[in-house]
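One structure below.
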Number of protein chains: 2
Amino acid sequence: MRRPTLNDVAKAAGVSYATADRVLNNRGSVSEKSRKRVQQAIADLGYVRDQQAANLSRRRQFHFRFILPIGNHSFFQALHAAVAEEAPVQRGDRVNLSIVGTPALDADAQVAALDAVGDDCDCVAVVATRTERVTAAIRALDARGIGVITLVSDAAPEARRAYVGIDNRTAGRTAGRLMEIAHGPRGGLVLPIVGVLQASDHRDRLDGLHDALAGTLPAIEILPAISVQDRADLMRDMLPRALAARPDISGIYSIGAGNRGLLEVLAHHRGPRPFTIVHELTPVTREGLSGGLFDAVIDQKPAQEVRRAIEVMKAIATGTAWRDPARDITPAIYVKENMPLEGGSPTAH
Amino acid sequence: MRRPTLNDVAKAAGVSYATADRVLNNRGSVSEKSRKRVQQAIADLGYVRDQQAANLSRRRQFHFRFILPIGNHSFFQALHAAVAEEAPVQRGDRVNLSIVGTPALDADAQVAALDAVGDDCDCVAVVATRTERVTAAIRALDARGIGVITLVSDAAPEARRAYVGIDNRTAGRTAGRLMEIAHGPRGGLVLPIVGVLQASDHRDRLDGLHDALAGTLPAIEILPAISVQDRADLMRDMLPRALAARPDISGIYSIGAGNRGLLEVLAHHRGPRPFTIVHELTPVTREGLSGGLFDAVIDQKPAQEVRRAIEVMKAIATGTAWRDPARDITPAIYVKENMPLEGGSPTAH
DNA sequence: GAGAGGTTGATAGACGTCAATCAATTTTTG
DNA sequence: CAAAAATTGATTGACGTCTATCAACCTCTC
């Protein structure tokens, strides 16, 4: 009934504990014969190393660092909160999380944060911009034996060990598909709103939108994107003019932040309301959904991403295999009805 | 740098290890003064019990049993596969999973499986039908000190410790919202297809659909549901007649299984294709999405549910708090574009 | 057949916690 | 104030693995 220990394996193989250990952790020298017998015994008994005892004995502590943008975007705040919420839980499992904030979009700050990572750190997760310097800093860390994964935005695909986050082009295509569904057999005109077009994730989403709507018949046209710098005030300023200029706008795809402004503009909008898709489930976008001013939210589920990132980092640190995060991290679609409950604290018992 | 141990706490509190231990695990008798000082020291040092060492010492093994329906539905197979896939991973963490299959919808078999659970089992997850007998069996297990959670279908809400799965009424409402989006300013006629209406989850989804479409203007009407017993052959048989009887059907909501048949019927359907929503991401529904015959899939992400279930069971077994699963388990909406990649094996390195 | 090198067995002390025991001390009670 | 009860300290042996050391053995080679 009890699960087999390495001692059981050794007995079954007819060798000493020491030899079984040498095979398991391949150290020392072992004859081919003994190796075979031990491996056979492991297979026969279905032995699985007790990770917890192993970690204890190795006095293995994991130290993972998250380098996250700071800013007043709710999304970054949610990401930050997700990491902070995991920290105490993970501590009980010998995993220590630390967070360093950098100003959003500031590559130099990101590089500095990467360079500042100490040698006691096992793995780093960074939300970075795609820059030569950042790539170099990631490579430098890797050379020091510290794996780096990218989070949310896949900067430095050549240097990072893994990327945990959605594919933004896919997200844009998804938005396009929803637009198409909403337009049905009619044509239409979609206004994309970005933060800055230089941001690769915004560009990717926009490209995805174009992918999805290319060749729809009757045509759903896409206006040139307006850029509001992720700021609600600019949204309040620029969007009404865009809407006035083209009263036939039938869809809005808000690619970045500043959705508080979008919400207000839509609330005062006269005439048929454009079908509106926004990104990230935040207090504002929740409000938009439940109030019926936003129709769909495309979300990347930051809490889930953080948990996934920790899993991958553990795998990297222990040298075990991991599942490709791209497999299960896809943009989620929320409408009013399937929006998850907010917050919620642990249920006692 | 090193994280504090209980020994450090004891020293800081100026008491012996034994006393600190008595406070931590509240056993034995401790004076109020000592208790205060130890708790203060715990807070000061930020001590967190090392779960892994604790489990090791307690020689704590968890045994969790999954009682799952067997059947040729891809969804059940996916659920089964998800548990099987987690098993070896969890073993390394002292968690042993076992699976027992029961014929779908067979309450007696479920009761038998519940009754057969041994005392070495710490917690049970069951996909059960809602029946008095099942509820009684769950209560009996609980009385023996074995917690039971329900999975996928919330049978026995009064007796189970937790429910891990989507709210089916919410799922139905979500489908209704998508129908509304797809119909835009036009009215329409939706045909719901259920397995058996007696199944409470199917009934809930249908109710949800009615919730969401009640009062739409212009009206989206809902036909009486046809029942295909979750069988593709009945689907092939009954659906074409239903479609022929009402050529103005503009939407199909397939609530249960048998979608292979639906796919074939739609492939041969003449005239404008109804907007089609199905449940569960399976090989068939994937095929339907990518081929453009299905428009949306509502999925409950069985793999994620299984992981969540294990987390909750661990919490129940250790007596710690858990987050309400309802918080993050909501029906997912997939369209062609955001459908996750299938399968995928671990990535080495 | 002596020495070198490869292989094996036995053993021991961590790691942090649990669970238990026993003696010593303090506090409470009658 | 003595006896009883409550509290405390000190210690010990698990749990399963890691890591290291040392002696013993085997198989070559020169």
Side-chain angles (χ1 to χ4, degrees), chain A residues 1-39 41-42 45-62 90-96 317-320, chain B residues 1-39 41-42 45-62 90-96 317-320:
Chain A
M1 267 291 69
R2 204 182 95 267
R3 51 182 276 177
T5 72
L6 192 50
N7 239 316
D8 300 327
V9 170
K11 277 195 202 111
V15 300
S16 72
Y17 179 91
T19 301
D21 172 72
R22 286 191 258 258
V23 173
L24 187 63
N25 298 308
N26 46 295
R27 57 172 147 229
S29 51
V30 186
S31 68
E32 203 45 46
K33 206 177 70 181
S34 299
R35 164 164 284 115
K36 279 260 160 60
R37 297 180 61 183
V38 171
Q39 275 161 350
I42 287 178
L45 299 183
Y47 169 79
V48 180
R49 182 208 308 260
D50 184 329
Q51 274 305 337
Q52 316 203 12
N55 288 342
L56 177 60
S57 174
R58 285 185 224 222
R59 58 214 85 167
R60 177 149 220 168
Q61 293 266 20
F62 298 109
Q90 295 291 331
R91 276 202 77 183
D93 284 338
R94 315 181 76 76
V95 175
N96 295 58
T318 54
T320 52
Chain B
M1 266 289 70
R2 205 181 93 268
R3 52 183 276 178
T5 71
L6 193 50
N7 238 314
D8 300 327
V9 170
K11 280 198 199 105
V15 300
S16 70
Y17 179 91
T19 301
D21 173 72
R22 285 190 260 258
V23 173
L24 187 63
N25 298 308
N26 48 292
R27 56 171 148 231
S29 52
V30 187
S31 71
E32 202 46 46
K33 204 177 69 180
S34 299
R35 163 165 284 115
K36 278 261 159 59
R37 297 180 61 183
V38 171
Q39 277 160 348
I42 287 178
L45 300 183
Y47 169 79
V48 181
R49 183 206 308 258
D50 184 330
Q51 275 304 335
Q52 316 204 12
N55 288 341
L56 177 61
S57 174
R58 284 188 228 233
R59 59 210 84 170
R60 177 147 219 172
Q61 293 269 22
F62 298 110
Q90 295 290 331
R91 275 202 77 185
D93 284 338
R94 315 180 77 80
V95 174
N96 295 61
T318 54
T320 52

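Here the structure is a predicted model, which is why all the values come from computation and not from measurement. Residue numbers begin at 1 in each chain, while the letters A, B, ... track the order of the sequences.
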Problem - Counterpart residues, side-chain contact (heavy atoms from CB on, under 4.5 Å), relative to B/Ser29 (two or more places apart) - result: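 Listed in chain order: nothing, the list is empty.
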Tell me: [atom1] of [X] to [atom2] of [N], nearest whole Å?
{"X": "B/Leu45", "N": "C/dG16", "atom1": "CG", "atom2": "P", "value": "14 Å"}
{"X": "A/Arg60", "N": "C/dG16", "atom1": "CZ", "atom2": "C1'", "value": "17 Å"}
{"X": "B/Asn26", "N": "C/dC18", "atom1": "CG", "atom2": "C1'", "value": "14 Å"}

Side chain of [X], backbone of [Y]: donor and acceptor closer than 3.5 Å?
{"X": "A/Arg91", "Y": "B/Gly46", "value": "yes"}
{"X": "B/Gln51", "Y": "A/Gly92", "value": "no"}
{"X": "A/Gln90", "Y": "A/Val95", "value": "no"}
{"X": "A/Arg49", "Y": "A/Leu6", "value": "no"}

Listed pairs, N/O of protein and of nucleotides 17-19 of chain D, under 3.5 Å:
from, atom 1, to, atom 2, distance (Å)
D/dT17, OP1, A/Tyr47, OH, 2.6
D/dT17, OP1, A/Asp50, N, 3.4
D/dT17, OP2, A/Leu6, N, 2.8
D/dT17, O2, A/Ser57, OG, 2.6
D/dC18, OP1, A/Arg49, NH1, 2.1
D/dC18, OP1, A/Arg58, NH2, 3.2
D/dC18, OP2, A/Asn25, ND2, 3.2
D/dC18, O4', A/Ser57, OG, 2.7
D/dT19, OP2, A/Arg27, NH1, 2.9

Practice task
Rounding to 10 degrees, work out the angle separating the end axes of the helix from C/dG1-D/dC30 to C/dG30-D/dC1 (five pairs an end).
Solution key: 30°
Fill in the blank from the handout: For residues 9-26 of chain A, the salt bridge (Lys or Arg N to Asp or Glu O under 4.0 Å) pairs (sequence neighbours left out) are A/Asp21-A/Arg27
Using nucleotides 4-8 of chain C, report all nitrogen or oxygen pairs with the protein that are shorter than 3.5 Å.
from, atom 1, to, atom 2, distance (Å)
C/dT7, OP2, A/Ser29, OG, 3.3
C/dT8, OP1, A/Ser31, OG, 2.5
C/dT8, OP1, A/Ser34, OG, 2.4
C/dT8, OP2, A/Ser31, N, 2.8

Exercise for the section: Measure the spacing between NZ of B/Lys33 and NZ of B/Lys36 and express it to the nearest 0.5 Å. Expected result: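 If we round to the nearest 0.5 Å, B/Lys33:NZ and B/Lys36:NZ are 12.0 Å apart.
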Practice task
Can you sort out the partners of A/Phe62 under ring pair (Phe, Tyr, Trp, His ring centres under 6.0 Å), two or more places apart, ordered by chain and number?
Solution key: A/Phe64
Practice task
Can you see which heavy atom on B/Arg3 is nearest to which on B/Val48, and at what distance?
Solution key: NH2-O, 2.9 Å
Problem - Nearest heavy atoms of A/Ala41 and A/Val9, plus distance in Å - result: CB-O, 3.8 Å
